[in-house]
Amino acid sequence: MKVLPQITIQTKLLKPNEYSRPQIKLKKVRGVVVHYTANPGTDAIDNRNYFNNLPEINQGKEKPTYASSHFVIGLTGQIVQCIPLEEIAYASKERNSDTISIECCHPDKTGEFNKATYQALSELVTYLCIQYDLEAEDVIRHYDVTGKLCPLYFVEHEDKWNQFRSEIENQLRN
């Protein structure tokens, strides 16, 4: 049995609400979905707070926004947990019920993760794969579920996505 690697996770759970934390139980975890925030230069807490503030943001809206993620990784590699791993996040449409979602911050409009964010993503994905007995092939992009250009850099640079998954596979073998 593999030993879980040591990673630092800051837990800042969202307040239960219908728009970002509905407290619906997650079914068996069958994958990890990687996202990007599409908000260049923002950090983990900024994005976590956006999810938490959706009840206020949605007041009076005809079409409310439903959004969240289990984790947000910041520009310094900070990992913030927003949703308990037993609950769904509103991140990946029909895969919400069987995946863990990770939003990643990025410094500019290319969507490419900086070294700190990339390293933290690699460590968190490896951790989750070991915890849930997943393979590298179970790590997918938001794009693979919905066709949305997310995470943008990994959609536009398929070779970099394949390299990332190869790195995860190698870490899982060691």
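Note that the structure is predicted; figures quoted are calculated from it, not measured.
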* **Test item: Q81 and I9 side chains (from C-beta on) under 4.5 Å apart, heavy atoms** => yes

* To do: Report the C-alpha distance between E167 and E169 in whole Å, list the side-chain angles of each, state the deciding distance to 0.1 Å, and finish with yes or no for side-chain contact (heavy atoms from CB on, under 4.5 Å).
  => CA-CA 5 Å; E167 290 170 14; E169 189 173 323; over 6 Å; no

* Asked: Do L128 and I102 have side chains that get closer than 4.5 Å, going by heavy atoms?
  -> yes

* Structure fact -> Here the gap from L85 atom CG to H70 atom NE2, rounded to the nearest 0.5 Å, amounts to 6.0 Å

* To do: Would you tell me whether T37 and N39 have side-chain atoms, one donor and one acceptor, within less than 3.5 Å of each other?
  => no

* State which residues pass side chain to side chain donor-acceptor pair (under 3.5 Å) with Q23; sequence neighbours excluded, sorted by chain then number. => none

* To do: Could you please spell out the steps behind the side-chain contact (heavy atoms from CB on, under 4.5 Å) verdict for F51 and E103?
  => CA-CA 11 Å; F51 295 145; E103 285 278 356; 4.2 Å; yes

* Structure fact -> Sorted by chain and number, sequence neighbours left out, side-chain contact (heavy atoms from CB on, under 4.5 Å) with Q10 holds for K12, Q78, V80

* If we ignore angles and hydrogens, is there a donor and acceptor under 3.5 Å between the side chains of E123 and Q119? -> yes

* **Rounded distance [0.5 Å steps], CD1 in I45 versus SG in C82** => 7.5 Å

* Would you find more than 12 non-hydrogen atoms of other residues, nucleotides or ligands less than 6.0 Å from E56 atom CD? -> yes

* Quick one: do the Q171 and T126 side chains pair a donor with an acceptor below 3.5 Å? -> yes

* To do: Working to the nearest 0.5 Å, report the span between CD1 of I100 and CG of D138.
  => 12.5 Å

* To do: State, to 0.1 Å, how close K93 and T146 come at their nearest heavy-atom pair, and which atoms those are.
  => CG-CG2, 3.6 Å

* Closest non-hydrogen atom pair between V125 and V139, with its separation -> CG1-CG2, 3.6 Å

* Cluster check V145, F71: I/L/V/M/F/W/Y, side chain < 4.5 angstrom -> no

* **Distance-minimising heavy-atom pair for P40 and P107** => CB-O, 4.0 Å

* Asked: Ignoring hydrogens and geometry, is there a side-chain-to-backbone donor-acceptor pair from N96 to I88 under 3.5 Å?
  -> no

* Does K61 NZ have over 12 foreign heavy atoms under 6.0 Å away? -> yes

* To do: Indicate the ring-plane relationship of Y90 and Y66, choosing parallel, tilted or perpendicular according to the 30° and 60° boundaries.
  => perpendicular

* To do: Could you tell me whether the side chain of L13 reaches within less than 4.5 Å of the side chain of P84, counting heavy atoms only?
  => yes

* Asked: Less than 4.5 Å apart, any side-chain heavy atom of I73 and any of L124?
  -> yes

* Asked: Hey, do the aromatic rings of F113 and Y118 have their centres closer than 6.0 Å?
  -> no

* To do: Look at the side-chain heavy atoms of Ile, Leu, Val, Met, Phe, Trp and Tyr, link any pair under 4.5 Å apart, and say whether L75 and Y36 land in one connected group.
  => no

* Asked: Do the ring centers of F164 and F154 come within less than 6.0 Å of each other?
  -> yes

* To do: Please report the closest heavy-atom contact between L14 and S68, naming both atoms and the distance.
  => CD1-CB, 4.0 Å

* Short side-chain to backbone donor-acceptor contact, H106 and D108, under 3.5 Å -> yes

* To do: Answer yes or no: is there a side-chain heavy-atom contact under 4.5 Å between I140 and V32?
  => no

* Check side chain to side chain donor-acceptor pair (under 3.5 Å) between N174 and all other residues, then give those that pass, not counting sequence neighbours. => none

* To do: Please confirm whether the backbone N or O of C104 pairs with a side-chain atom of T117, one donor and one acceptor, at under 3.5 Å?
  => no

* Structure fact -> In short, N47 meets V72 closest at the heavy-atom pair CB-CG1, 4.0 Å

* To do: Could you please spell out the steps behind the side-chain contact (heavy atoms from CB on, under 4.5 Å) verdict for S20 and N52?
  => CA-CA 7 Å; S20 59; N52 201 54; 5.6 Å; no

* To do: Report yes if some heavy atom in the side chain of R95 is under 4.5 Å from a heavy atom in the side chain of H142; otherwise report no.
  => no

* Hydrophobic cluster identity match, V33 and V155, side-chain contacts under 4.5 Å -> no

* Structure fact -> Taken to the nearest 0.5 Å, the spacing of L134 CG from T99 OG1 works out to 10.5 Å

* **Residue pair I24 / E87, side-chain heavy-atom distance below 4.5 Å** => no

* Can you check whether K160's main-chain N or O pairs, donor with acceptor, with N162's side chain at less than 3.5 Å? -> no

* Asked: How many angstroms lie between OG in S69 and OH in Y50, if you round to the nearest 0.5 Å?
  -> 13.0 Å

* **Flag, side chain of E62 to backbone of P64, donor-acceptor distance under 3.5 Å** => no

* With salt bridge (Lys or Arg N to Asp or Glu O under 4.0 Å) as the test, would you mind laying out the steps for E137 and R165 before giving the verdict? => CA-CA 7 Å; E137 66 193 30; R165 285 182 50 181; 5.8 Å; no

* **Heavy-atom check, side chain of P151 versus side chain of R141, under 4.5 Å** => yes

* **Minimum heavy-atom distance L172-A136, with the two atoms named** => CD1-N, 3.9 Å

* Quick one: pull up CG in L54 and CD1 in I57 and give me the separation to the nearest 0.5 Å. => 5.0 Å

* Asked: Is the side chain of D46 donor-acceptor paired with the backbone N or O of D43 at a distance under 3.5 Å, no angle test?
  -> yes

* **Check: N58 side chain, T65 main-chain N or O, donor-acceptor pair, under 3.5 Å** => yes

